[in-house]
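Since the structure comes first, as structure tokens, the remarks are kept for the end.
Convention: sequence-line order gives letters A, B, ...; per-chain numbering from 1. The structure displayed is predicted, hence computed values, not measured ones. Reckoned from all heavy atoms, side chains included, excluding hydrogens, waters and symmetry mates.
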Protein chains: 2
Amino acid sequence: MGIHRASISDLAAQLNLSVSTVSRALSNNSRISEATKQRVMELARQLHYQPNHLAAALRKGRSNTLGVVIPHIDGQFFALVVKGIETLANQAGFNVMFCQSNEKVEQERKNIEALLNAQVDGILVSISLSTHEFGHLEEVRRRGIPLVFFDRILDRPDTSAVVLDDYQGGYDAVCHLLEQGCKHIAHLGGPQHLNICKNRYQGYVDALGSYNHPLDPALVHFSDLSMQDGRDGMEILLRQAPNLDGVFACNDLALVGAMHTVKRQGLRIPQDIALAGFSNELFDSLTEPMLTSVDQRCEEMGRTAVQMLLEMISAGDQAVAPRHVVLQPTLLIRESSQRHG
Amino acid sequence: MGIHRASISDLAAQLNLSVSTVSRALSNNSRISEATKQRVMELARQLHYQPNHLAAALRKGRSNTLGVVIPHIDGQFFALVVKGIETLANQAGFNVMFCQSNEKVEQERKNIEALLNAQVDGILVSISLSTHEFGHLEEVRRRGIPLVFFDRILDRPDTSAVVLDDYQGGYDAVCHLLEQGCKHIAHLGGPQHLNICKNRYQGYVDALGSYNHPLDPALVHFSDLSMQDGRDGMEILLRQAPNLDGVFACNDLALVGAMHTVKRQGLRIPQDIALAGFSNELFDSLTEPMLTSVDQRCEEMGRTAVQMLLEMISAGDQAVAPRHVVLQPTLLIRESSQRHG
DNA sequence: TTAGTTTGTGCAAACGTTTGCACAAACTAT
DNA sequence: ATAGTTTGTGCAAACGTTTGCACAAACTAA
């Protein structure tokens, strides 16, 4: 029997039917008699017939494949988003192709091109740190391939996206610190051209405003938010403002770095300095003290993005209006910020 | 200009050439004159021509796509393996399709079928907890699609795989504990039908043997290795053997659970009980004390698996001999087990 | 009877490539 | 001048599906 895969025409030949009849029988077309359907199904089973998606995709102009581009998969966030994406896509009968840009816009461009060549039906993108403009995505638009951004987006009026309400997350975290009695709250911020970092920072600023606290530049430090950046940033902040008594970090990796510095200097958490971060990483509950953090609803973000993409795909030509879905974050209060109660 | 994508025949028409000539020009075939190539390339650029992989794949019987099935993507391990896979595959010009079985053999079967239908050129699998036999993979073999297992494998003589030397990792970890002066070392083990758990356990057994320590059943506890399993398991072990002074856990999640129990009972780490785990999770350096663990070379495992798969693919029909690659683990000694020095 | 409908099937084109073969034109060697 | 080779191009089939259209046979309604 060899390696040859049974095709529709093999079935047709053995059953003395035409390929079209077999094709219709397999897709349960109502014009085909029950008897014929039975015969076809039976033989298909016997011969281990498996449809060739490529051929069908070529003919139908639709591959039932989705493309995903993420900056990287380290850390929990993107892994969980991908999990959500894959789960829902699979349920809907779509395969998922997966690429990492490694935070390089050039690689991102190549990823997009590869996905387009593979004839994906839609694309999900979270942009890289080095992506500042839309250029390489024009081709996607030109071809009319549905595109949905998630988490890290390019803020254009004509695009669809699903994001977390990072502003609210930052606002909530900082309000919480203020309510715990913090008077001088510092911020470890990330690259400000990224929507997420900018919005979290803005939440910090506005929370201070709401409580009539001044915004002190000596209390703000920007970096790329690695753990080491957190350690270094915290040292700088403590030098600049020895009286600081709270920290809101743009992510948990930087926060854990800050925690190291705070401990090393013999300060107590949360009594001397209260800490809050962003992302609700797994390790937040494993450190001592456990870290307060804003949960990002990763899987839900992935699922929502797929849902939007599928809607756009099935809408086909009659373009659906671009839409921004904003997920509400949840502040998870843990030991690092809880001073009483 | 609409949504229509330029195809080879569009180029051909505009240049008064045949499709075959254009096709060859695009693939830089030596039978085509430089002049013609230039003309074709130029127009292709102007019209934003992008080849249709689907059509090429259909014709060539080769999709330049690899399929990956993993049990889940939570935690660091599989995420990093996937990173390694995607990186190398992309470099080699392959796209990657990605599926999760969620530890269900039934889902695994569906994943495999979807990948086969999508005509992937090769498949990488790490089996689910509930996979005990080869059945659903027969079809892969029947079709002659190259298959490589990684990490969690089905132990059959006729398959290729890349695994960690889990036995050695377990052996090294337990030897280390013995050298630190532990006399009664417990083991938190995982499902024994999984090669990785079985081998780590065997390493534990043999290390004890090497140091002429008896194997005490009261010191061994099996579970599914969640954090809670670790907590519960540790309580049971401490009841069964109050004199235990060391623990080797089959993964770090269970180990961190064990750590909680140990701390809660007021015992000191590592002085009273020394701890060692497996996987070198990110959080190992963030707990107090930091946890000793065996590093698994995740990305390298992914890259190696892809490399083997690509070799098999390019070998085509003349089947290459099944091969097992075994990566050597590294024991990372941290505070949780270091009693002196 | 006639005309019209329903039911089941087949023909053939199309999707966008790749590639074996053929062939004309232009050289090269005798 | 003849035969042989090289160079550049085109024809047409093939990959495995899907689908608009046609059509024969068997009903239904008058």
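Pairing for dC23(D) goes to dG8(C), judged as Watson-Crick or G-U wobble with the two contacts each under 3.5 Å. Remark: dA29(C) base-pairs with dT2(D); criterion is Watson-Crick or G-U wobble with both hydrogen-bond distances under 3.5 Å.
Where N16(A) and S9(B) meet DNA chain C, the nucleotide closest to each residue was compared, and N16(A) sits on the side nearer the 5' end. Nearest-nucleotide assignment on DNA chain D puts the 5′-proximal partner with T21(B), out of T21(B) and I8(A).
Using modelled atom types, no side-chain atom of Q76(A) and backbone atom of D74(B) make a donor-acceptor pair closer than 3.5 Å. Under a 3.5 Å cut-off, the side chain of H193(B) and the backbone N or O of L129(B) do form a donor-acceptor pair.
Computed from coordinates, the H53(A) NE2 to dC15(D) P distance equals 20 Å when rounded to whole Å. dT17(D) atom C1' lies 15 Å from atom CZ of R62(A), rounded to whole Å. Between the CZ atom of R31(B) and the P atom of dC23(C) there is a distance of 15 Å, rounded to whole Å. Residue N28(A) contributes atom CG, which lies 13 Å from atom P of dG8(C) at whole-angstrom precision. R24(B) places its CZ atom 10 Å from the P atom of dG10(D), with the value rounded to the nearest Å. Between L17(B) atom CG and dG10(D) atom C1' the separation is 10 Å, expressed in whole Å. Rounded to an integer number of Å, the gap from CG of L26(A) to C1' of dT19(D) is 15 Å. Rounded to a whole Å, the CG atom of L58(B) is 17 Å from the P atom of dA13(D).
For dC11(D), the base has no donor-acceptor partner in the side chain of S18(B) [N/O atoms by modelled type, under 3.5 angstrom]. Judged by atom type and distance alone, R59(B) reaches the base of dT18(C) through a side-chain donor-acceptor pair under 3.5 Å.
I112(A) has its side chain within reach of V69(A): a pair of non-hydrogen atoms, C-beta onward, lies under 4.5 Å apart. The shortest side-chain heavy-atom distance between L137(A) and F149(A) falls under the 4.5 Å cut-off.
Heavy atoms of S33(B) sit under 4.0 angstrom from primed sugar atoms or phosphate atoms, though from no base atom. Using a 4.0 Å heavy-atom distance criterion, N29(A) is classed as making no nucleic acid contact.
In terms of phosphate contacts, S27(A) brings no side-chain nitrogen or oxygen within less than 4.0 Å of OP1 or OP2 of dT18(D). Side-chain nitrogen and oxygen atoms of S23(B) include at least one within less than 4.0 Å of the OP1 or OP2 phosphate oxygen of dT18(C). OP1 or OP2 of dT9(C) sits under 4.0 Å from a side-chain N or O of T36(A).
Remark: of the listed residues K110(B), K104(B), R109(B), R109(B) is the sole one forming a side chain to side chain donor-acceptor pair (under 3.5 Å) with E106(B).
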